[in-house]
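Contents: one structure, followed by commentary.
Every chain is numbered from 1 and lettered A, B, ... according to where its sequence line falls, protein lines coming before strand lines. Quantities reported herein were computed from a predicted structural model and do not represent experimental measurements.
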Amino acid sequence: MPELPEVETVRRGLAPAMEGSIIERLELRRQDLRFPLPENFADASQGKRIVSLGRRAKYLLIDLDDDMTIISHLGMSGSFRVEEEAASRTPGGFALPRSKDGKHDHVLFHLRTPQGWSRVVYNDPRRFGFMHLWKRSQLDAYPPFVGLGPEPTGNLLDADYLARRLGGRTQPLKGALLDQSVVAGLGNIYVCEALWRAHLSPLRKSGSLVTPTGGPKKQLLLLTEAIRAVIADAIAAGGSSLRDHIQTDGSLGYFQHSFSVYDREGEACRTPGCNGTVSRIIQAGRSSFYCASCQK
DNA sequence: ATAGCGACCTGAGTGC
DNA sequence: TGCACTCAGGTCGCTA
């Protein structure tokens with residue numbers, strides 16, 4: 001489920017509840033997520049203050065006050081929710097409504113906040129997510145971060161960079177953009193959306209967007225801007241839905257965005273002036289949605 | 001080196 | 001109402 005914009009929205013939603021709080025207790029109900037939880041997870045976390053929440057690609061970073069960082073990946077079905085406790089309650093007095101889906105609540109952060117007490121709960125039905133502990137000063141050496149491409153929101157992603165990475169590559173654009181070493185944080189949905197905005201087919205050979213001298217063709221400039229814009233728009237949409245979403249059920253992690261092509265098989269293409277229909281094809285075992293009329 | 005595919009796990013949706 | 005089947009936003013590791 002969560003691609004970069006969803007993880008960023010989760011980060012922004014959790015920050016007010018977690019930053020500055022102390023992890024009074026870490027309750028581990030299931031250890032067997034995609035990878036086993038760290039052996040010393042509870043001991044290394046309890047009593048520590050959370051100094052800030054960060055993000056790299058689709059990874060949420062919970063920075064503790066002793067140079068350790070909890071790295072959390074939501075996999076396909078992971079989500080967090082915040083349960084606030086009134087300031088007047090005592091530590092042992094939790095009387096919050098039990099989650100309707102408690103059987104998939106795997107990690108519970110019992111927090112002491114400046115205002116009182118709260119719980120932050122990690123829920124993950126499919127258990128494709130995981131959490132690791134890593135020294136913050138050595139985060140660049142965390143194996144999944146080695147070789148990770150630039151953030152699509154940052155300055156390192158530009159058409160010249162993509163030309164260097166895509167030049168000579170015969171792989172279809174769809175696969176190249178899903179490659180986290182090319183751009184970090186794109187997933188199936190936003191690759192489909194970016195290609196639609198750039199009027200490029202997911203089947204197009206990656207190298208065809210690069211000139212013989214290795215520079216970006218105009219279409220690659222458009223693709224670069226489309227990637228940046230689709231991510232920025234999705235983050236903005238998540239941010240604007242954040243407050244309402246928390247108010248309804250306290251959960252963070254999945255927002256029903258409206259997409260232009262994703263999951264719209266058989267519907268009319270939304271490109272102005274295009275009368276095509278959205279198709280679904282399978283590439284490398286994953287669905288690609290695109291309009292064959294305006295995406296070439 | 002690159003590309004394709006199954007595996008990991010559970011739940012939601014569909015059609016009979 | 002139940003059952004069988006398909007599909008899912010991510011990533012890893014194995015093949016050719």
Measure the distance from [atom1] on [X] to [atom2] on [N] and round it to the nearest whole Å.
X: A:Ile282; N: C:dA8; atom1: CD1; atom2: P; answer: 6 Å
X: A:Phe128; N: B:dG6; atom1: CZ; atom2: C1'; answer: 12 Å
X: A:Leu186; N: C:dG9; atom1: CG; atom2: C1'; answer: 12 Å
X: A:Leu33; N: C:dG10; atom1: CG; atom2: P; answer: 18 Å
X: A:Leu60; N: C:dG10; atom1: CG; atom2: C1'; answer: 16 Å
X: A:Asp179; N: B:dA3; atom1: CG; atom2: C1'; answer: 11 Å
X: A:Lys174; N: B:dA3; atom1: NZ; atom2: P; answer: 14 Å
X: A:Arg127; N: C:dT11; atom1: CZ; atom2: P; answer: 18 Å

Got a list of protein N/O to nucleotides 12-16 of chain C N/O distances below 3.5 Å?
from   : atom 1 : to      : atom 2 : distance (Å)
C:dC12 : O4'    : A:Arg34 : NH2    : 3.1

What residue pairs, at least two apart or across chains, pass ring-ring contact (aromatic ring centres under 6.0 Å, His included) with a residue in [range]?
range: residues 204-223 of chain A; answer: none
range: residues 197-232 of chain A; answer: none
range: residues 151-176 of chain A; answer: none
range: residues 55-77 of chain A; answer: A:Tyr59-A:His73, A:Tyr59-A:Phe145, A:His73-A:Phe130

Sorted by first residue and then second, give each salt bridge (Lys or Arg N to Asp or Glu O under 4.0 Å) pair with at least one member in residues 189-215 of chain A; sequence neighbours left out. A:Arg197-A:Asp233
Can you see which heavy atom on A:Glu19 is nearest to which on A:Leu53, and at what distance? OE2-N, 2.9 Å
Where is the tightest heavy-atom contact between A:Phe128 and A:Asp124, given as atom of each residue plus distance? N-OD2, 3.6 Å
Counting distance alone, no hydrogens or angles: does the base of C:dA8 have a donor or acceptor under 3.5 Å from a partner atom on the side chain of A:Arg286? no
Candidate nucleotides C:dA8, C:dG9, B:dC8, ranked by approach to the side chain of A:Arg126 - the nearest: C:dA8
Among the nucleotides B:dG4, B:dT10, C:dG10, which one has an atom lying closest to any side-chain atom of A:Pro125? B:dT10
When the P atoms of B:dC9 and C:dC3 are considered, how many whole Å apart are they? 24 Å
Contact check, side chains of A:Leu200 and A:Gln295, non-hydrogen atoms, under 4.5 Å: no
By side chain to side chain donor-acceptor pair (under 3.5 Å), A:Arg169 pairs with (sequence neighbours left out) A:Gln171, A:Asp179
Within the pair [X] and [N], is there a side-chain N or O less than 4.0 Å away from OP1 or OP2?
X: A:Tyr262; N: C:dG9; answer: yes
X: A:His104; N: B:dG11; answer: yes
X: A:Lys103; N: B:dT10; answer: no

For A:Tyr290, enumerate each residue passing the ring pair (Phe, Tyr, Trp, His ring centres under 6.0 Å) test, keeping only those at least two apart in sequence or located in another chain. none
Pairwise N/O distances under 3.5 Å, protein to nucleotides 4-7 of chain C:
none

Sugar-phosphate, base or nothing in reach of A:Gln180, heavy atoms under 4.0 Å: sugar-phosphate
Taking A:Arg119 for the side chain and A:Leu108 for the main chain, is one N or O donor matched with an acceptor at less than 3.5 Å? no
Want to know the stems of DNA chain C: at least 3 consecutive Watson-Crick or G-U pairs with distances under 3.5 Å, which are they? B:2-8 with C:10-16, B:10-16 with C:2-8
If we count only N and O atoms by modelled type, under 3.5 Å, do the side chains of A:Arg165 and A:Ser181 hold a donor and an acceptor together? yes
Flag for A:Ser287-A:Arg280: side-chain donor and acceptor within less than 3.5 Å: yes
According to the side-chain hydrogen bond (donor to acceptor under 3.5 Å, both in side chains) rule, which pairs have a member within residues 33-48 of chain A, sequence neighbours left out? A:Lys48-A:Asp66
In residues 161-173 of chain A, which ones come under 4.0 Å of DNA chain C, going by heavy atoms? none
Sole candidate of A:Gln283, A:Glu3, A:Lys174 that passes side chain to side chain donor-acceptor pair (under 3.5 Å) when paired with A:Asn188: A:Lys174
